[in-house]
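Report on one structure; see the data block that follows.
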Amino acid sequence: MTDTARLSEIVASHAEREGALLPILHDVQAEFGFIPEAALDPIATALRLSRAEVAGVIGFYHDFRRQPAGRHVLKLCRAEACQAMGGVALQALLEHALGQKIGETKDGITFEAVYCLGLCACAPAAQVDGRLVGRLDAAAVDALAEEMRA
Ligand code: FES
């Protein structure tokens, strides 16, 4: 099945339900790993929305990607509890160790923000290729960066 056919199938499976946009976007990202640019027009047309409205929703939710992720994904929590427990300094250390800013994908590594992983009691927290890690500190940064480069 082509990407276009699969996209049409996903859109059609939700188009008649109320609030179809988010389920469609979730399914598209689950299928392709990101929301391809070419998906915006068919989704907008099917839901009688403008392309800008679809793009606005994608941009609002940090979990939606407009580009494919790298082979490793590091999500650093930037919500309040983690920020209060050293998250800002941790972000700077990780950016330095990885050689990339948060929000970037570079050399196969996606480093991005997430807003609460439900691990607030173990702040600051992150998700490393889907694995939750808490109580991060400066000592953990080099090991995390090394794991990302593997
Ligand atoms: S605020 Fe970071 S895990 Fe909840």
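When a ligand or atom number is given, it counts from 1 through the structure's own listing order. The chain is numbered in sequence order, starting from 1.
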Checklist entry - In terms of side-chain geometry, is the basic nitrogen of R6 or E9 positioned less than 4.0 Å from the acidic oxygen of its partner? => result yes
Checklist entry - Should the pair E53-R48 be classified as a salt bridge under the 4.0 Å nitrogen-to-oxygen rule? => result no
Checklist outcome for this item: Heavy-atom closest pair (A138 atom, L93 atom, distance to 0.1 Å) is CB-CD1, 3.7 Å
Checklist entry - Do any N/O/S atoms of C82 come under 2.8 Å of atom 2 (Fe) of ligand 1? => result yes
Item to check | C77 backbone or side-chain N/O/S under 2.8 Å from atom 2 (Fe) of ligand 1 | outcome: yes
Item to check | ligand 1 atoms in contact with L119 (distance to a heavy atom under 4.0 Å) | outcome: 3 (S)
Next on the checklist: Can you name the atoms of ligand 1, numbered from 1 with element, that are less than 4.0 Å from a heavy atom of A81?
Outcome noted: 1 (S)
Checklist entry - Do any N or O atoms from the side chain of H62 and from the backbone of E112 form a donor-acceptor pair under 3.5 angstrom? => result no
Checklist entry - Has the side chain of E95 got a donor or acceptor atom that lies under 3.5 Å from a matching backbone atom of I102? => result yes
Checklist outcome for this item: Between C116 atom SG and C120 atom SG, the angle centred on atom 4 (Fe) of ligand 1 rounds (to 10°) to 90°
Checklist outcome for this item: Candidates V114, L132, L117; heavy atom nearest atom 3 (S) of ligand 1 found on L117
